[in-house]
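The model shown is predicted, which means the values in this text are computed figures rather than measured ones.
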Amino acid sequence: MRILFLTHSFNSLAQRLFVDLTEAGHEISIEFDIADSVAVEAVALYRPDIILAPFLKRAIPEVVWRDKPCLVVHPGIIGDRGPSALDWAIQRGESAWGATVLQANEVMDGGNIWAAETFPVSLEKKSSLYRNQVTEAASKAVAAALARYLDGKFQPCPSEKWPDVRGKDHPLMRQADRKINWESDDTRTVLRKIHAADGFPGVRDELFGAPCFLFDAHADPEMAGRPGALLGWRGHGAVRATRDGAVRIGHVRRPDGEHTFKLPASVAFASELESLPLLDDAGADGIRYEEAESVGYLYFDFYNGAMSTEQCQRILAAYRQACARPTRVIALMGGEDFWSNGIHLNMIEAADSPADESMRNIRAMDDLAEAILRTTSHLTIAALAANAGAGGAFLALAADQVWVRPGIVLNPHYKNMGNLYGSEFWTYTLPRRVGAEQAVSITQNRLPLGGAQALRMGIADACFGVDAASFRSEARKRASALAALPGYGERLAAKTETRRCDEAIKPLAQYRDHELAEMQRNFYGFDPSYHYARYQFVHKTPHAWTPRHLCRHRDIMQKQVQ
Ligand code: COA
């Protein structure tokens, strides 16, 4: 089918559905929901068989849904309605939730149901629930809905007619509903409130007497104090007492601060650093190392997958320690929600000189990538249970083996960030995996790739597992098997020899110098595109148009004009 995506942005769910449906043989074009007239024009140009709305913030114009079937993905169970579906589910402490595909009509989220899926919920952040469980459920529900639509026999029906309907209509959640009462709320309640607002909009509160929105909360079981009191800094987070313990608040957004975007709490409140004690930060920096059966597992779980200069340096130190261990394999495991999204654009935006900080950050990423590429003591694996983008995707390619989960989305390209050239040795690692021609098309096309596609193209070496947990457990089995391989020694020797030959043909230093020279131009040159794009990204400026590489129906228009 020809499917038009009408979506607020090309977010992770829209990207996952794009990957799924392209794999299933459908043709997709994308239009951002900017104005009714733009949506109407897109439908007229593309003439889709069906319209899919993976992520919408407004109702679809009536002229569109009356003319074409429009399937809307709602992140809630059957019968649930309203713009704060996940927020209410988390704050109420639901133990099961779902994703529903319904047909647009005059009632927002009130149309006939085509398909729905449910999943268990524990105490997760909204952003995490959306990127994992909701995305998996939506992927299955959309596949079922499209199969039913194609079959032609299924009659979608109103939610009341479905069995065991629990969902209800809920209003927009307001800050008054989210308010934390530090005197009376226990740790679980505080976590629930901050998790229900994670990603966006955060919980409005105060720290050090200044208004701010709270994100990225963790229980801090070692601490306790007068409810509401600030107890210290642990890593980048401020530890604050609840009624029965404490929470660590990792990120905040200060609406009246010098920087009005989300930052680590200790960066946003840098001038208050002295006023609280520094607590032991072991385990609070997202980096964790463990060993089993001659494999060293290095986890780096950073908020939003963004890797600042300091975080890169810390992983590098941990990686060097891992290399010094008497193990045989090192597995780079990334984080829960992302494997990595490359340099930390918010930290760069907040720096006195964003250009200098960009350079420092990319050098730190390159140092890490280079250490992985030059490792001759171990076989290395990048095990991607979660998505990776830009420099984060290329960091993975520095490992000997890249293992991916089928449901992840990779964005191995940089150009979306103001035409960045990119580094992390991609000019070495990508062509050697996929060939020069394909490397050009992957980086120029700027489209997301799924796990299976990455495997077919040679970007990945193995693709397995269903959810993140099954992927990680299978990855551990495979890593142990690799370490126990009878031919392990020969394999390590062959890898070392390949590196030696490659180095003789073109030293890694040359790749690095070339890429950094290009990046230098991006950061300091006369073309400000990168600085402009980073500003828009960090400040979340709404899209004014759909990027041309996504809306193929605009090509149709261009051809008609020619
Ligand atoms: N630095 C800082 N924050 C980043 C980031 C980065 N490199 N990459 C993602 N984020 C943040 C987003 O701002 C967003 O923040 P929020 O919590 O306030 O909503 C969050 O991570 C999730 O990103 P989002 O874009 O909503 O996720 P997605 O899964 O829909 O898209 C990407 C993933 C990777 C395609 C997209 O985030 C992206 O393009 N990131 C920038 C990558 C990049 O250019 N890195 C620099 C060059 S190496």
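- Between the side chains of Trp114 and Gln103, a donor-acceptor pair is found at a separation under 3.5 Å.
- Using a 4.5 Å heavy-atom threshold, the side chains of Gln313 and Leu368 count as separate.
- Using a 4.5 Å heavy-atom cutoff, the side chains of Cys463 and Val404 are in contact.
- Ring centroids of Phe200 and Phe215 are separated by 6.0 Å or more, keeping the two rings apart.
- Side-chain contact check for Gln401 and Trp403: at least one donor-acceptor pair (N or O, by modelled atom type) lies under 3.5 Å.
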- Task: Starting from the C-alpha separation in whole Å, work towards a yes-or-no answer on salt bridge (Lys or Arg N to Asp or Glu O under 4.0 Å) for Arg314 and Asp281.
- Result: CA-CA 12 Å; Arg314 280 180 173 239; Asp281 74 348; 3.1 Å; yes
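- Between the side chains of Glu424 and Tyr414, a donor-acceptor pair is found at a separation under 3.5 Å.
- Between Val72 and Phe55 the shortest side-chain heavy-atom distance does not fall below 4.5 Å.
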- Message: Evaluate Lys140 against Glu117 for side chain to side chain contact (heavy atoms under 4.5 Å, CB included), listing each step before the verdict.
- Response: CA-CA 7 Å; Lys140 285 192 199 134; Glu117 289 285 329; 3.8 Å; yes
- Message: Let's go through Leu129 and Val121 carefully: what are the C-alpha distance in whole Å and the side-chain angles of both, what is the deciding distance for side chain to side chain contact (heavy atoms under 4.5 Å, CB included) to 0.1 Å, and is it a yes or a no?
- Response: CA-CA 8 Å; Leu129 197 63; Val121 181; 4.2 Å; yes
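- The shortest distance between side-chain heavy atoms of Ile249 and Val252 falls below 4.5 Å.
- Counted by atom type alone, Ser266 and His236 present one or more donor-acceptor pairs between their side chains at under 3.5 Å.
- Tyr319 and Gln321 share no side-chain donor-acceptor pair at under 3.5 Å.
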- Message: Please evaluate residues Arg240 and Asp220 with respect to the criterion salt bridge (Lys or Arg N to Asp or Glu O under 4.0 Å), reporting the C-alpha separation (whole Å), side-chain torsions for both, the decisive distance (0.1 Å), and the verdict.
- Response: CA-CA 9 Å; Arg240 190 166 187 184; Asp220 197 318; over 6 Å; no
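- You'll find the side chain of Lys262 stays beyond 4.5 Å of the side chain of Phe213, heavy atoms only.
- Under the 4.5 Å side-chain criterion, counting only non-hydrogen atoms from C-beta, Ser127 is in contact with Arg131.
- Each of Phe32, Phe18, Phe5 was scored for a ring-ring contact (aromatic ring centres under 6.0 Å, His included) with Phe10, with one residue passing: Phe18.
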- Task: Apply the test side chain to side chain contact (heavy atoms under 4.5 Å, CB included) to residues Val239 and Trp233: give CA-CA distance (whole Å), side-chain angles for both, the deciding distance (0.1 Å), then the verdict.
- Result: CA-CA 6 Å; Val239 178; Trp233 294 106; over 6 Å; no
- Task: Given side-chain hydrogen bond (donor to acceptor under 3.5 Å, both in side chains), test Asp337 with Ser128 step by step and report yes or no.
- Result: CA-CA 6 Å; Asp337 288 346; Ser128 188; 2.8 Å; yes
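- Between Phe464 and Phe471, the ring-plane angle classifies as parallel under the 30° and 60° cut-offs.
- Annotation: side-chain contact (heavy atoms from CB on, under 4.5 Å) contacts of Leu123 (sequence neighbours excluded): Arg188, Leu191, Arg192, His195.
- Within the 4.5 Å cutoff, side-chain heavy atoms of Asp80 are placed close to those of His170.
- In this structure, the side chains of Ile381 and Leu482 come closer than 4.5 Å at one or more pairs of heavy atoms.
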